[in-house]
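Report on the structure given below.
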Amino acid sequence: MQALPAGLLDRLAACRRLLVLTGAGVSAASGIPTFRDPGDGLWARFRPEDLATPAAFARDPQLVWRWYQWRRRLIAGASPNAAHRAIAALEQLLPRVAVVTQNVDGLHQRAGSSVVIEFHGSIWHDRCSAGCGRRCPADPALDEPPRCADCSAAMRPDVVWFGEGIPPDALNAALEAAAVCDALLVAGTAGVVEPAASLARIAAEHDALLIEANLETTPLSPLADCRLAGDVAQTLPALCAALNRIP
Ligand SMILES: [Zn+2]
């Protein structure tokens, strides 16, 4: 595992605003099942593309609901891993750290990160499927989707489904953060899905330091000042340790 070159480490240590963009790779070491995992016996015969859509929920809300309750129980049993903890620890080392995540599992918050922009929503919340705007904490014990207290439509998980856009508030907050950051750490995401790729481009346009921590090279790699190849549960703690050693 290579370290950050000394010059870049100094630049990172001097940065005032760090933006961290994270994806599924950061939660992988916590055992969070991705959409690529087949799931257990009950759910193995379904394709996520056939469950995580507005059309699927309209057709069979209870089926989609039960699938999410299963995912919620799995995630409830998982814990933040060394990558989440390292990202949270960066707040002790740098003046301002914001996290933009494509993950819906809430593990950054549980690890202690205080500014988390959830690009794809949160599995721990429900929102009204009729779009009246009501949002509330999810109850993982319910067998059926609850009714909206305002308009009595079915409540649905407050996550972004296939074919849906990024919530405008999250998108705007992320774009603003990218425009003012002086370093961007992209961790555990291929970064190919828009608008995540735009964040890296925006940061690169004003010469922010761009560090990529990922197992594989990605389309963002040519933009990066440095690549930390390997498992983020190892490379990010190592990065924190190196920052900590700077006087
Ligand atoms: Zn409603």
Side-chain angles (χ1 to χ4, degrees), residues 21-24 26-27 30 32-37 39-40 42-43 45-78 80 84 98-111 113-178 189 193-196 198-199:
L21 170 63
T22 71
V26 168
S27 286
S30 292
I32 301 295
T34 69
F35 274 179
R36 303 296 144 229
D37 294 328
D40 70 5
L42 181 60
W43 296 106
R45 63 200 169 92
F46 293 99
R47 296 191 319 151
E49 294 86 339
D50 296 332
L51 292 172
T53 71
F57 190 74
R59 195 166 51 235
D60 192 343
Q62 195 167 356
L63 177 73
V64 174
W65 179 259
R66 281 178 19 232
W67 186 58
Y68 272 93
Q69 296 295 66
W70 170 71
R71 293 183 69 83
R72 282 169 172 158
R73 284 193 296 273
L74 283 179
I75 293 171
H84 297 108
V99 177
V100 174
T101 186
Q102 296 166 325
N103 302 334
V104 299
D105 52 40
L107 290 179
H108 282 300
Q109 293 91 329
R110 278 171 61 191
S113 284
S114 49
V115 180
V116 181
I117 300 164
E118 295 177 307
F119 239 19
H120 292 167
S122 165
I123 202 166
W124 299 116
H125 283 86
D126 290 331
R127 72 176 149 93
C128 175
S129 63
C132 81
R134 186 171 183 85
R135 188 171 181 269
C136 64
D139 179 351
L142 296 178
D143 290 334
E144 289 185 28
R147 293 277 145 191
C148 173
D150 291 332
C151 75
S152 81
M155 297 294 281
R156 54 162 276 185
D158 188 15
V159 298
V160 174
W161 280 338
F162 291 101
E164 294 183 321
I166 306 296
D169 289 353
L171 179 59
N172 291 334
L175 293 174
E176 275 174 33
T189 172
V193 184
E194 281 294 348
S198 296
L199 299 185

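Atoms within a ligand are numbered from 1 in the order they appear, just like the ligands themselves.
Near the Zn ion (ligand 1), less than 2.8 Å away, sit the protein N, O or S atoms C128 SG, C132 SG, C148 SG, C151 SG.
In terms of heavy-atom proximity, P54 sits nearest to F162 at CD-O, 3.6 Å. H108 and T22 make their closest contact through NE2-OG1, 2.9 Å (heavy atoms, listed as atom of the first residue, atom of the second, distance).
Take P80 and apply the side chain to side chain contact (heavy atoms under 4.5 Å, CB included) test, not counting sequence neighbours, and it matches H84, L107, R110, A111.
For residues 128-138, the set of pairs meeting the salt bridge (Lys or Arg N to Asp or Glu O under 4.0 Å) definition, not counting sequence neighbours, comprises R134-D150, R135-D158.
The closest side-chain donor-acceptor pair between R72 and Q69 falls under 3.5 angstrom.
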Review item, side-chain donor-acceptor pairs of residues 168-178, under 3.5 Å, at least two apart:
| residue | atom | partner | partner atom | Å |
| --- | --- | --- | --- | --- |
| N172 | ND2 | P168 | O | 3.3 |

